[in-house]
*Asks:* 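Structure below; questions to follow.
Heavy-atom basis, side chains included; hydrogens, waters and symmetry copies ignored. Proteins come first, then strands; the chains are lettered A, B, ... in the order of their sequence lines, and each starts at number 1.
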Protein chains: 2
Amino acid sequence: MKAYKGYLIDLDGTMYRGKEEISEAVTFVNQLVEKKIPYLFVTNNSARTPEQVSDKLVSMGIPSTPDHVFTTSMATANYVSEKKPGATVFTIGEEGIKQALKEKGMKPGDETADVVVVGIDRAISYEKLSTACLAVRNGATFISTNGDVAIPTERGLLPGNGSLTSVVTVSTGVKPTFIGKPESIIVNQALEVLGTAKEETVMVGDNYHTDILAGIRAGLDTIIVHTGVTSKEQLTDYDEQPTHSIGGLDEWRFE
Amino acid sequence: MKAYKGYLIDLDGTMYRGKEEISEAVTFVNQLVEKKIPYLFVTNNSARTPEQVSDKLVSMGIPSTPDHVFTTSMATANYVSEKKPGATVFTIGEEGIKQALKEKGMKPGDETADVVVVGIDRAISYEKLSTACLAVRNGATFISTNGDVAIPTERGLLPGNGSLTSVVTVSTGVKPTFIGKPESIIVNQALEVLGTAKEETVMVGDNYHTDILAGIRAGLDTIIVHTGVTSKEQLTDYDEQPTHSIGGLDEWRFE
């Protein structure tokens, strides 16, 4: 197998399953540390800050600092501040996206905002959805942190941000720019943070439709690991295959 | 013009515009009363009870009793009680739909419910949407009172029930049965309540995509009145035309 010089790594289904640890993941990341290979965790979870994500990883024995975490909230805030510097932003979302936009100096807005950002929000309300719709109808740029339609939880599959975003899309007829996986926007930004070239970096994840497609679209090699969403059987249905397919991260040989 | 023996009449844009009265509407309905022609107001508003709708009409001088009102909540409750007698129902919605389902003897359910009904709910929450998604994934029959994507208000166009419903549709991949206009389900039920034959009944409304299409699909003659959503110019774009087109209800001659 190719000796990649950088790893972009998915979290849920790859490093852990919800609250459940995946022991091979700990060994896998420890090997990256030993071999001094740079890695970055890339997540579509817009609710948590990099500090919160890193804390969870460390509590499971996975070596991480906040600098090892790249969330779709950080990618969204980068995107907004580059495309619309100084803009006002009406945000639906939780702590992760709010902190990221604030750190980039974006100012909060209302139905006259220049930009509407929608991220997962467990305190969603009709008033928030109304303000987002009015702003988009007033011409605001419409951005969504990610299009995931469902979130796996102990209760079952709950509504993901893609389904909340659809309220604004369906009501206004305006489609958002999605930032997270499977879009290449988040992957290209993550590559810049990691500092390795596209050709020598690999994307690791369990979900064909987010992780693997994101890698493929951004032109990276990919490793699918069958410890989460996509089974080995399902994988055979898809035209574009990942570069590597493994049952668990313990099957991976670094060179 | 044909002497229709029954009138199905839309409300917003036809009988009034939000809080604004339409004086020709008062004269129009008074003529129906004088001529003893049966009429029924047919509305996609699932939030209000027939009593509340009738009170508003009376306050604007339009002759009405609760028996003159047929809401999509009543049509939904009829549909559910016919298709799934004795079923448990998890409901997203306001007073109108809750009262209608209760009057039909439907029992409240949770994520194990037999049926999920979604109507407009200005107190929408992530918890309600989650329970609806879990129930639909568990196999519940998925019904939506109406597919209107936006609601006209003093603030502008706010999210309608079609956009709230899309959260469950997008998240679960299951499409609902819509009951309200432009579906023929609500029109066929309204005809039964009114008691006149399809061939001698006319549907009156201002919105081509809801009122007029509902009438056409159910096989009724239709009157479009240009005091609301659809302009005379827009109407020329559509293949299937209403039977009659008038600028205001004062232009209508009863025979």
*Asks:* I'd like to know which of A:L129, A:I124, A:T131, A:V149 tops the heavy-atom pair count under 4.5 Å against chain B.
*Replies:* A:V149

*Asks:* Looking at the rings of A:Y208 and A:Y238, which for Trp means the six-membered one, are their centres under 6.0 Å apart?
*Replies:* yes

*Asks:* Is there a donor-acceptor contact under 3.5 Å from the side chain of B:D211 to the main chain of B:V204?
*Replies:* no

*Asks:* Where does B:D121 contact chain A at under 4.5 Å (heavy atoms): side chain, backbone, both or neither?
*Replies:* backbone

*Asks:* Between B:R137 and chain A, with a heavy-atom cut-off of 4.5 Å, which part of the residue counts as in contact: side chain, backbone, both or neither?
*Replies:* side chain

*Asks:* Given 3.5 Å as the limit, does a donor-acceptor pair link the side chain of A:S73 with the main chain of A:I97, or not?
*Replies:* yes

*Asks:* Should the pair A:D148-A:K181 be classified as a salt bridge under the 4.0 Å nitrogen-to-oxygen rule?
*Replies:* no

*Asks:* I'd like to know if the side chain of B:K107 reaches the main chain of B:A87, judged simply by a donor and an acceptor atom lying under 3.5 Å from each other, with no hydrogens or angles considered.
*Replies:* no

*Asks:* Hey, is B:E95 close enough to B:R48 for a salt bridge, meaning N to O under 4.0 Å?
*Replies:* no

*Asks:* Does B:K175 make a cation-pi contact with B:F142, if we ask for NZ or CZ under 6.0 Å from the ring centre and within 45° of the axis?
*Replies:* no

*Asks:* Sort by residue number and list every residue of residues 152-166 of chain A having at least one heavy atom under 4.5 Å from chain B.
*Replies:* A:R155, A:G156, A:L157, A:L158, A:P159, A:G160, A:G162, A:S163, A:L164, A:S166

